[in-house]
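Written out below as structure tokens is the structure these notes cover.
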Amino acid sequence: MVPAHAMEDAQLLWDFQQMRHAPRPCSVIVGLGSHDLGVADVAAGLYLRGLAPVVVFTGATSRTTMERMPRGEAEHYRERAVELGVPEGVVLVEPRARHTGENIRFSRELLAQRGVDVASVLLVSKPYEERRAYATARRLWPEVEVVCASAPMTLAAYVDSIRDARLVLDMLVGAVQRLMVYPAQGFMVATDVPRSVAVAFERLRDQGFTSRLVAP
């Protein structure tokens with residue numbers, strides 16, 4: 001069980017990650033690979049609403065997806081989207097990316113290779129990584145407009161859906177840490193992290209929610 005005070009801090013991190021963009025028509029939908037098949041559900045829903053003519057799913061496997069998605073995150077996403085009614089012919093699969101920077105860079109390269117003119121991107125991520133995804137895309141794909149999207153869920157509902165509260169909190173802590181350290185390494189644009197969020201991050205880190213931290 002995760003203590004109530006830790007969940008309160010996690011809520012601050014969760015709320016901060018929400019970009020609260022209104023979905024609108026874009027050149028392409030890009031779904032970022034992860035353990036969460038809900039990203040594919042959101043991307044499929046946006047396509048079926050007519051918000052983009054092309055969908056890219058990007059992602060290889062990671063330590064959290066090797067068993068659940070043995071064919072690769074992007075391929076499992078593609079299969080899910082097709083099950084939900086997205087035509088196979090509009091889905092591109094980028095199977096190599098192993099982190100968010102590669103998700104963006106390899107998707108950009110794939111679309112250029114296919115001759116897709118991209119002025120704007122509907123960027124679909126897990127709910128607790130919207131701001132991280134946005135900051136990465138603004139650094140690595142600066143010429144396009146980025147509109148973020150994710151499943152409209154509360155933190156409590158998301159934890160229930162994943163069935164692993166510690167994993168979610170570890171991921172939240174890791175996502176915020178990257179906003180703090182990656183800009184100096186050239187991986188993201190700088191983000192102003194409010195003091196309340198930074199303090200909540202520090203408390204969760206000090207309580208051991210550290211499995212997704214990167215070396216400074």
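Counting heavy atoms from C-beta on, the side chains of Leu111 and Leu92 come closer than 4.5 Å. Annotation: side chain of Pro127 is not in contact with side chain of Gln17 (no heavy-atom distance under 4.5 Å). The closest side-chain heavy-atom distance from Thr154 to Trp14 is not below 4.5 Å. When side chains are defined from C-beta on, Phe201 does not count as touching Ser196, because their heavy atoms never get closer than 4.5 Å. Val121 places none of its side-chain heavy atoms less than 4.5 Å from the side chain of Ile104. Residues Val124 and Val30 fail the side-chain proximity criterion, which asks for heavy atoms closer than 4.5 Å. With a 4.5 Å cut-off on side-chain heavy atoms, Glu109 and Arg96 count as touching. Two residues are said to be in side-chain contact when any heavy atoms from C-beta on lie closer than 4.5 Å; Pro70 and Thr61 fail this criterion.
A cation-pi arrangement is not found for Arg78 relative to Phe57, the charged atom failing to lie both closer than 6.0 Å to the ring centre and inside a 45° cone about the ring normal.
Note that the CG atom of Asp36 and the OG atom of Ser161 stand 6.5 Å from one another [nearest 0.5 Å]. Interatomic distance, CZ of Arg98 versus CD of Glu73, reported as 8.5 Å (0.5 Å rounding). Leu51 CG to Ser27 OG: the interatomic distance, rounded to the nearest 0.5 Å, is 12.0 Å. Rounding to the nearest 0.5 Å gives a distance of 13.0 Å between CD of Glu8 and CG of Leu13. Thr100 contributes atom OG1, which lies 6.5 Å from atom CG of Leu32 (distance to the nearest 0.5 angstrom). The CD atom of Glu79 sits 9.5 Å away from the CD atom of Glu88 when rounded to the nearest 0.5 Å.
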Determine all donor-acceptor pairs shorter than 3.5 Å in which one atom belongs to a side chain in residues 167-193; sequence neighbours excluded.
unit_1, atom_1, unit_2, atom_2, d
Asp170, OD1, Thr210, N, 3.4
Asp170, OD2, Ser211, OG, 2.6
Gln177, OE1, Val214, N, 2.9
Gln177, NE2, Val214, O, 2.7
Arg178, NH1, Gly174, O, 2.9
Arg178, NH1, Arg212, O, 2.7
Arg178, NH2, Arg212, O, 3.1

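At a threshold of 4.5 Å between side-chain heavy atoms, the hydrophobic network of Ile, Leu, Val, Met, Phe, Trp and Tyr places Tyr47 and Val144 in two separate groups. When hydrophobic clusters are built by joining Ile, Leu, Val, Met, Phe, Trp and Tyr residues whose side-chain heavy atoms come closer than 4.5 Å, directly or via intermediates, Leu204 is grouped together with Leu155. A single hydrophobic cluster is seen to contain both Met153 and Val159, as judged by linkage of ILVMFWY side chains at heavy-atom distances under 4.5 Å, directly or through other members. Each of Val93 and Leu84 belongs to its own hydrophobic cluster when Ile, Leu, Val, Met, Phe, Trp and Tyr are linked at side-chain heavy-atom distances under 4.5 angstrom. Note on Val28 and Met19: same hydrophobic cluster, where clusters join Ile, Leu, Val, Met, Phe, Trp and Tyr whose side-chain heavy atoms are under 4.5 Å apart, directly or indirectly.
For the residue pair Glu130 / Ser150, a side-chain donor-acceptor distance below 3.5 Å is found, with atom types taken as modelled. Using a 3.5 Å distance cut-off with no hydrogens or angles, the side chains of Glu94 and Thr58 do pair a donor with an acceptor.
Ser125 contributes no side-chain N or O that, together with a main-chain N or O of Ala133, makes up a donor-acceptor pair within less than 3.5 Å. Counting only distance, with no hydrogens or angles, the side chain of Arg131 and the backbone of Phe16 share a donor-acceptor pair below 3.5 Å. Without hydrogens or angle criteria, His21 side chain to Val147 main chain gives no donor-acceptor distance under 3.5 Å. Looking at His76, its side chain does come within 3.5 Å of a backbone N or O of Arg71 through a donor-acceptor pair. With hydrogens and angles disregarded, no donor-acceptor distance shorter than 3.5 Å links the side chain of Glu143 to the backbone of Ala119.
When all heavy atoms of Val42 and Ala149 are compared, the pair lying nearest together is CG1-CB, 4.5 Å. What you find for Ser107 and Val56 is that their closest heavy atoms are OG-CG1, 3.7 Å. Taking all atoms of both residues into account, the shortest heavy-atom contact from Ala6 to Val2 is CB-CG1, 3.7 Å. The shortest heavy-atom contact between Thr136 and Gly101 is CG2-CA, 3.8 Å. Ser120 approaches Pro25 most closely through the heavy-atom pair OG-O, 4.3 Å. Closest non-hydrogen pair, Pro23 versus Leu46, comes out as CB-CD2, 4.0 Å.
Judged as a side-chain hydrogen bond (donor to acceptor under 3.5 Å, both in side chains), and not counting sequence neighbours, the contacts of Gln11 are Asp15.
Residue Arg20 qualifies as enclosed at atom CZ: its count of foreign heavy atoms under 6.0 Å is above 12. Within a 6.0 Å sphere centred on CG of Asp206, heavy atoms belonging to other residues, nucleotides or ligands number more than 12. By the neighbour-count criterion of 12 heavy atoms within 6.0 Å, atom CZ of Arg138 is densely surrounded, having more than that number from other residues, nucleotides or ligands.
Ion pair Arg24/Glu145 flagged as a salt bridge, since at least one NZ, NE, NH1 or NH2 atom sits closer than 4.0 Å to an Asp/Glu carboxylate oxygen. Note on Glu202 versus Arg205: no salt bridge recorded, every NZ/NE/NH1/NH2 to OD/OE distance being 4.0 Å or above.
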| Can Val118 and Trp141 be said to form a side-chain contact (heavy atoms from CB on, under 4.5 Å), step by step? | CA-CA 10 Å; Val118 180; Trp141 209 349; 3.8 Å; yes

| field | Steps toward side-chain contact (heavy atoms from CB on, under 4.5 Å) verdict (Arg108, Leu140) | value | CA-CA 9 Å; Arg108 179 182 183 180; Leu140 301 179; 5.5 Å; no

| field | Test log, rule side-chain contact (heavy atoms from CB on, under 4.5 Å), inputs Ile29 and Val54 | value | CA-CA 6 Å; Ile29 297 164; Val54 179; over 6 Å; no

